[in-house]
Amino acid sequence: MKGSLKDDVAKQDFEKLGLFYLGRPYDLAKKKPKEGFLLYDSKDLVTHAVCVGMTGSGKTGLCLGLLEEAAIDGIPALIIDPKGDLGNLLLTFPRLTGESFLPWINEDDARKKGLSPADYAGQQAELWKKGLAQWGQDGERVARLREAADFAIYTPGSSAGFPVSILKSFGAPAQDIRNDAELLRERISTTATSLLGLLGIEADPIQSREHILMSTILDTNWKQGQDLDLASLIQQIQTPPVAKIGVMDLDSFFPSKDRFALATKLNNLLAAPGFQAWLEGEALDIQEILYTPEGKPRMAIFSIAHLGDAERMFFVTLLLSQMVGWMRAQSGTTSLRAILYMDEIFGYFPPVANPPSKVPLLTLLKQARAFGLGVVLATQNPVDLDYKGLANTGTWFIGRLQTERDKARVLEGLEGASASSSKKFDRGKMEQMLAGLGSRIFLMNNVHEDEPVVFETRWCLSYLRGPLTRNQIKLLMDLRKQKRETSGVRRQVSGEAVSPALHASGFTPHAQRPVVPPGVPQYFVPIRSTQPRQTTPVYQPMVFASCQIRFSDSKKGLDITQDLSVLAPITGEAIPVDWDHATDVGLTVSDLERMPAEAAQFAELPAAAGKAKSYESWNKDFAGWLYRTQKVELLRSPSQKEVSKPGESERDFRIRLQQAAHEQRDQSVERLRQKYAPKITALQERIRRAEQAVEREAEQAKQSGIQTAISVGATLLGAFMGRKAISATTVGRATAAARGAGRAIKEAKDVGRARETVAALQQQLTHLEAQFKAETESLAAARDPLTESLEAIALRPTKTNVAVKLVALAWTPHWVDSQGYSTPSWR
Ligand SMILES: Nc1ncnc2c1ncn2[C@@H]1O[C@H](COP(=O)(O)OP(=O)(O)O)[C@@H](O)[C@H]1O
Ligand SMILES: [Mg+2]
């Protein structure tokens, strides 16, 4: 078959062009697949997709295929799996043998067929091998899938898979969310609603006093950047951080005995036997979930089949809220960065009701595009979707639908979507197509393409055994858990910076501030912590130094300016200030105060610190020390000529490089498309006309046996161009050229000449294909940013690039108790 995927070139090229291989176009009238491939442009997914169809229509198969393509392309996904089917993504067996299938088969099915498990497994393996082959796939592609990404099943509230800790989800959101009033309000409200839901309290955000109290507590703490956990939440319900709610006195608004009842409910939840599982394991940190510690993309499957309804809602809402936060922290992009997939959205995105999950989902649908996050939602129940929220969804995959009502609802949704993309909508034609769909046959309506297409989904690389059991999840994940622990990939929380050597005793505090001569610059470090009982604020003298250092390398085009401020102890020794003991305590010149706190005492000032000329020599020493010790270490990608940012880890740099590579590739693909599409259109038109001419001439010459039309649609080229809209001007130019050619052919005198024309044109087409192939191959040859070796760059400043801004006496505040123990109070 022409253009078959067995063609090695086709198989390899597609996988690197950002095109997802989803299936083959399907001829509804003839009830069989057409030639060619259904290739979906990954960047179209940033406008999201919905997949609807009755149970068994093949939705999960289609979306699983899409996720497999994403994985192969290095796109991570967060997958919410209410039914348990998505864990099948971990059932990938490159050797396709019975033994590899055996532990995963459905033994009931084997029994029903009267087969031994081993025989049944052999049959299943055979079925998969054949199925894959029919779609031009093989074990090698399965292996590629396994290699391309990390696959993990997370089980919130259970330890079968990776457990998930929800504790951190009550932590104060990141600064950029806290600065966005609307987003913060949204996060507070959804957290309160879902938490109350878990307690069995269905709370109206405006009416319910439970909701208002909970929101007030979250708001008060988060605004101050204060994290909460369940224990502190319980405590604060009893003793809220506010005295009034609105204009009402707290106790009349929500009497303390009722608050106690609410706190008890939350406490019971916390004390319930199974609840511990919710508090262990990985925090819901999306960036950590989407990439491995090495920066490899991960398909993270959140299996929630084992949870009750309230728990599911609670968890999904938390997860979606975290996703919103993660999304906001990403840079803008036009390429696909990650996928959020939810299998069976039933109940989470209904048209009328407002469950807590709906708010973050709407936010994602509205905003995720700019950040390259594609949301894919599947449902068997079209009546249960909020079509208003889906009006901007770019791609609709519609499978077989059961009832007329379902069809009517989907058509309504489609109509809404095409209205907001100002596309014409042929309801009658659409209705007719929908009526003809069968199992695994879908209609794709993609606003980025000219017209809807019917296609058959390709065979899944993963073994679709159906929902995994708890034990199977455990079996799959236990191995991975061990690997994690032994390789020690979990990152350690780094310890506090070592504080400068401060002498806790051996000084006599004075109420009087030592007098220093006018030439000594003097400042006070502000107090930042609250005063412990029975302590006195005492200022101790240190040197504060601040500078700006420029690191530059004009050959590499690098120019980085860094500000640094440090505090160093002053001793009574021969060298009173040793800059090797200086520490960066996160203070800048503007943080310093001119006046001390009231009622503070002062430690003695070492003699050197009272002389103006000491500061001049410390200034020189400081500059020399900076010159000797300061450097910036960066990584450089030779393939992308990109350099990491100061402070950016290798993992984060590699993640950024991957996204940049995707963007570059997508742009090159677009350029190729722009370059070749008009040429192809023109050639195809000329061939068509030339064939007509042959026919005409042949007719006249009363000859028979004319060559049939040549199909160009199924070639690599044709498939690659897809059904993409080509701009009106390029098409115009192409057809004008074709018309000219047509006229020339009309003048052709005999059949032979006309035939020669066809042959010549075909030759040209072959040539064009070869050119195209060469160009795509050079695109595909790009280095993989995940594995390429990075060059280490160390930049040191020149003497002139070290600018000391200030070296001054800094009085640093401490809390000193009656025993003379002192704790710094500026942190
Ligand atoms: N792409 C596919 N490759 C192989 N088998 C498939 C595929 N799609 C569906 N199937 C088969 O059809 C069954 C039902 O499809 P599924 O995708 O689970 O339907 P839905 O999610 O719409 O209920 C699957 O269990 C599987 O056996
Ligand atoms: Mg399904």
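Indexing begins at 1, ligand by ligand and atom by atom, following the structure's order. Reckoned from all heavy atoms, side chains included, excluding hydrogens, waters and symmetry mates. Since the model is a prediction, treat every value here as computed from it, not as a measurement.
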### Query
Does R337 reach the side chain of L373, with side-chain heavy atoms less than 4.5 Å apart?
no
### Task
Specify the closest pair of heavy atoms between L307 and R312, including all atoms of both residues, with the distance to one decimal.
O-NE, 3.2 Å
### Query
Are I345 and L361 close enough that some pair of their side-chain heavy atoms sits under 4.5 Å apart?
yes
### Pairing of K424 and E451 as salt bridge, 4.0 angstrom limit
no
### Message
If you define the side chain from C-beta out and look only at heavy atoms, does anything of E68 sit under 4.5 Å from L89?
### Response
yes
### Task
Enumerate the atoms of ligand 1 whose separation from the nearest heavy atom of T457 is less than 4.0 angstrom.
1 (N)
### Query
Has ligand 1 got any nitrogen or oxygen that is less than 3.5 angstrom from a nitrogen or oxygen of S57?
yes
### Query
Should G53 be counted as touching ligand 1, given the test is an N or O pair under 3.5 Å?
no
### Query
Heavy atom under 4.0 Å from ligand 1: found in T60's side chain, backbone, both, or neither?
both
### Query
ligand 1 and K59, any nitrogen or oxygen pair closer than 3.5 angstrom?
yes
### Message
Could you check whether any heavy atom of G65 sits closer than 4.0 Å to an atom of ligand 1, since that is the contact criterion I want to use?
### Response
no
### Query
Under 3.5 Å, is there a donor-acceptor pair between the T395 and Y40 side chains?
yes
### Query
Which heavy atom of the protein is the closest neighbour of atom 6 (C) of ligand 1, given with residue, atom name and distance?
L464 CD1, 3.5 Å
### Task
Measure M54 to ligand 1 on non-hydrogen atoms and call it side chain, backbone, both or neither using the 4.0 Å cut-off.
backbone
### Query
Heavy-atom distance under 4.5 Å between the side chains of L78 and M323, does that happen here?
yes
### Query
Can you tell me if T55 has an N, O or S atom under 2.8 Å away from the Mg ion (ligand 2)?
no
### Query
Just wondering, do L377 and Y341 contact through their side chains at under 4.5 Å, heavy atoms?
no
### Residues K83 and D343 bridged, charged N to O under 4.0 Å
no
### Message
Can you check atom 20 (P) of ligand 1: any protein non-hydrogen atom closer than 4.0 Å?
### Response
yes
#### Entry: Nearest neighbour in protein (non-hydrogen) for atom 3 (N) of ligand 1
C460 N, 3.2 Å
#### Entry: Protein heavy atom at shortest distance from atom 15 (O) of ligand 1
G58 CA, 3.7 Å
### Message
Could you tell me if the side chain of V453 sits less than 4.5 Å from the side chain of L443, heavy atoms only?
### Response
no
### Query
Do the ring planes of F302 and Y154 sit parallel (below 30°), tilted (30 to 60°) or perpendicular (above 60°)?
parallel
### Query
Any protein heavy atom lying closer than 4.0 Å to atom 27 (O) of ligand 1?
no
### Query
Any N or O on D85 sitting closer than 3.5 Å to an N or O of ligand 1?
no
#### Entry: Flag: protein heavy atom within less than 4.0 Å of atom 12 (O) of ligand 1
no
### Query
Is there a side-chain contact between I286 and L319 (heavy atoms, below 4.5 Å)?
yes
### Close approach of R458 to ligand 1, heavy atoms, under 4.0 angstrom
yes
### Query
Nearest protein heavy-atom contact for atom 17 (O) of ligand 1: which residue, which atom, what distance?
G61 N, 2.8 Å
### Message
Contact between ligand 1 and G466 is defined here as a heavy atom of the residue under 4.0 Å from a ligand atom; is it met?
### Response
no
### Query
Between R141 and D138, is there a salt bridge with N-O shorter than 4.0 Å?
no
### Message
Starting from atom 8 (N) of ligand 1, what is the nearest protein heavy atom, named by residue and atom, and what distance separates them?
### Response
R440 CD, 3.5 Å
### Task
Provide the number and element of each atom of ligand 1 under 4.0 Å from a heavy atom of T55.
23 (O)
### Summary
for atom 23 (O) of ligand 1, nearest protein heavy atom and its distance come out as G56 N, 2.7 Å
